[in-house]
Amino acid sequence: MTIDSAAMRSNIVGLALIAPLVIFLAFTFLVPLGRMLVLSVSDTELAAIMPRSVIALASWDGETLPDEEAFAAVAADLAAAREDRTAGTAARRLGYASAEWRTVLSSTARSLPDDASSITNWQDTLVSIEPAWGQAKIWHALAEARGPFTDIHVLTALGMDGGPDSGLYVNVLVRTFVIAISATAICLLLAMPAAYLLSSVSGPLAGLLMLTLLLPLWTSVLVRSTSWLVILQKNGILNQILMALRITNAPLDLIYNRTGVLIALTHVLLPYAVLPLYAAMKSLPKSQMQASRSLGGGPLSGFFRVYLPQVLPGLSAGGLMVFILALGYYITPLLLGGQGDQMLPFYIAYNTLQALNWGLAASLAGGLLIVTVILYLLYVRLVGVERVRV
Amino acid sequence: MMKHTVVAVAALLAAIAPAAARDLTVVSWGGVFQDAQREVYFDPFREETGIPLAEDSWDGGIGVLRTKIEAGDANNWDVVEVEAEEEALGCEEGLFEVIDPALVGGVDQYIEGSVTECGVPANIAAIVAAYDGAVFPEGPQSWADVFDTAKYPGKRAFRSGPKMNLEFALMADGVAPADVYTVLSTPEGVDRAFAKLDSIKDDIVWWTSGNQPMQLLGSGEVAFTTTYNGRVAAANLENSRDFRIMWEGGALNVDSWVILRGSPNKDNAIKLLDFLGRADRQVEWPSKLGYGVGNVEAQAQLPAELAETLPTSPEHLEAGIKIDANFWIRNIDALNERFASWSSQ
């Protein structure tokens, strides 16, 4: 047996060993991720339910109202959709362009005459049910919704759809980043002394401190967030203590606002900042600070020139981890924030489960993914991936 | 060894594969409400028929039901208690099975007009304002008072969503109860309602699940809350509090039982609906939490002193409004969207 074939064999064995992981990742991560991204631009709902209308509108010039044939096609499609109980789906799709089209379409489907044979002029019939059919706007919306692809969800996510509420999701994205960055900053500020203390003690005390740090990590996020609800509420423990100590006269508003979200988010994410910092500090010999001292450096200059640069990898790893986790937090803002403190994941869940607008949910999730990846790449460029050590 | 592995794998697959023969699952509104339903309806059903009955709870929303149907085989709900416009919308969109009234006791067994193509009446509740009598012995007299944060300092808890907020906001703004839906049907009326809500936006805490209002009121977090009327009596009983109801301008809401489309347990679901509608079951319901019932015979059997505390008593019907399902069928989606956008600003 040659060395080459032995190496090859070990390579194959190696590949075979990681194959389950690769296959697992492909099926549970890459495939769903790809499907989600496709979902954000695919648009097949309306064409499936209103095929006649889509065909009739293909030859429409878009300037004047479409001809009688198109009116008849819409009526026929909606009558069939009412029969199949799919009119609601078509209405929902048309409503993405403007909520009022949704109402027009479903109420038209509801009000169409049962017996269509006597009707000679569909234009008059539809306009008498819903005057909107007499204007070109709804026909444009119909023509644009024919699929198979659409940019409507991406534009809505980017606040470029031109609707009255456009810009909502841009605001939400900015808010998400503001909250995540604030939580990261607070976490790092608190983590520095905590990690330093952890790395400088030894014996049973070190074990105890480590346990107090890890214990919250092993507790469910839901439980921790709910506990904060109890502590921070108007007549909660914290407000009672503050009032007993005469620090404040009236109870402070600590929940259902940004304060509550940041307090709980910081608590939930703190261990992720402390642990990498602790590892970095632990591996730093104490003698280095003494050396800095003996070479004439003051405590501050020693800290900034010797200590900080060496724990920076741990600091940035912790910061990155906290930041990325914070971006995706859902339950903590939901429990402790007001409606104005909900982050992007809340709106992804809302569009997935409540509004059933999966295209928009996918666009929002895609946007969050892209921004996170860009930030990560930027970070790697600035700090260097080899310096991210945990 | 091989055989064991096969058995283990098969067991694993069986565990993760969607259970084809899952139990009949009934979905209601959780908390004390569902506890009471269990006592009056679900446990006796289990006992009498021997049919295994699983339970889940939800907080409403047509979107949730649409998602369940979209999920196909992964849908694990059969019978759901829904609000009026959810029943009508869902029936139209084919989310629910069409029910033959003859199989569930017949149309005549229920209050006129309450049996629909897809639903039978489950519960009659009023959404009202509640306050703590220990804090406000007088209490608010109208929605205008509820919205008056100068006169009654403190936060208010409202149900998250446009329904039963826009109505109350209009009444607070001086619209007569009888005109609420006429005004709300115009774009200006909707703007007016949102403007009124906007005026106290910073003082509103939004609740989603029916359990929350009494917790918020009980902990002193809010001065007033909207709530289903039955939760108030339950909280008083359980924690010996003095929570009170403002019936003025309350909104009457009839919930229905529906069967989700494609339910593999449809036959048992029908049996359950039949059982739930029986007079001997429904007559026990009002005394639990103070909600009304849809069974005519059961209603006739109620003692007079109990009947007059219910949302269906003439006095309370006179003071309140009835939720206009037709208005909400037409507008729920557009207003949901507007509400989500407004509330997040």
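Just so you know, these numbers come straight off a predicted model, no measurement behind them. Every chain is numbered from 1, with letters handed out A, B, ... down the list of sequences.
Atom CZ in A:F346 sits 11.0 Å away from atom CG in A:D341 (nearest 0.5 Å). Rounded to the nearest 0.5 Å, atoms CG (B:N331) and CG (B:L184) are 7.5 Å apart.
Neither the backbone nor the side chain of A:Q342 comes within contact range of chain B, judged by heavy atoms closer than 4.5 Å. The contact between A:T352 and chain B is made entirely by backbone atoms, counting heavy-atom distances below 4.5 Å. Only the side chain of A:Y350 has a heavy atom closer than 4.5 Å to any heavy atom of chain B. In this structure, the portions of A:N235 lying under 4.5 Å from any heavy atom of chain B include both its backbone and its side chain. A:D253 touches chain B through its side chain: at least one heavy atom from C-beta onward sits under 4.5 Å away, while N, CA, C and O do not.
Between the side chains of B:E97 and B:S263, no donor-acceptor pair of N or O atoms lies under 3.5 Å. In summary, the side chains of B:S343 and A:Q339 do present a donor paired with an acceptor at a separation below 3.5 Å, with no hydrogens or angles considered.
Between B:K68 and B:E86 there is no salt bridge, since none of the side-chain N atoms of the basic residue sits less than 4.0 Å from a carboxylate O of the acidic one. The residues A:R92 and A:E45 are annotated as salt-bridged, a charged nitrogen and a carboxylate oxygen being separated by less than 4.0 angstrom.
When the candidates B:E70, B:E92, B:E93, B:R66 are compared by the number of heavy-atom contacts under 4.5 Å with chain A, B:E92 comes out ahead. Note on B:S160, B:C91, B:A334: by heavy-atom pairs under 4.5 Å with chain A, the leading option is B:C91.
The aromatic rings of B:Y152 and B:F136 stand perpendicular to each other, their planes meeting at an angle above 60°, with 30° marking the opposite boundary. Note on ring orientation: taking the six-membered ring where Trp is involved, the planes of B:W58 and B:W29 are tilted (angle from 30° to 60°).
Heavy-atom neighbours of A:N249 CG from other residues, nucleotides or ligands within 6.0 Å: at or below the threshold of 12.
Scanning residues 76-84 of chain A against chain B with a 4.5 Å non-hydrogen threshold yields no residues. Contact annotation for residues 203-218 of chain B against chain A (heavy-atom separation below 4.5 Å, listed by residue number): B:V205, B:W206, B:L216.
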#### Entry: salt bridge (charged side-chain N to carboxylate O under 4.0 Å, His left out) evaluation trace for A:E130 with B:R330
CA-CA 13 Å; A:E130 282 288 344; B:R330 228 183 120 79; 3.2 Å; yes
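Cation-pi geometry between B:K201 and B:W342 is met: the NZ or CZ atom falls under 6.0 Å from the ring centre, inside 45° of the normal.
Under the 4.5 Å side-chain criterion, counting only non-hydrogen atoms from C-beta, A:M50 is not in contact with A:R93.
For A:S182 against A:L262, the heavy-atom pair with the smallest separation is CB-CD2, 3.8 Å.
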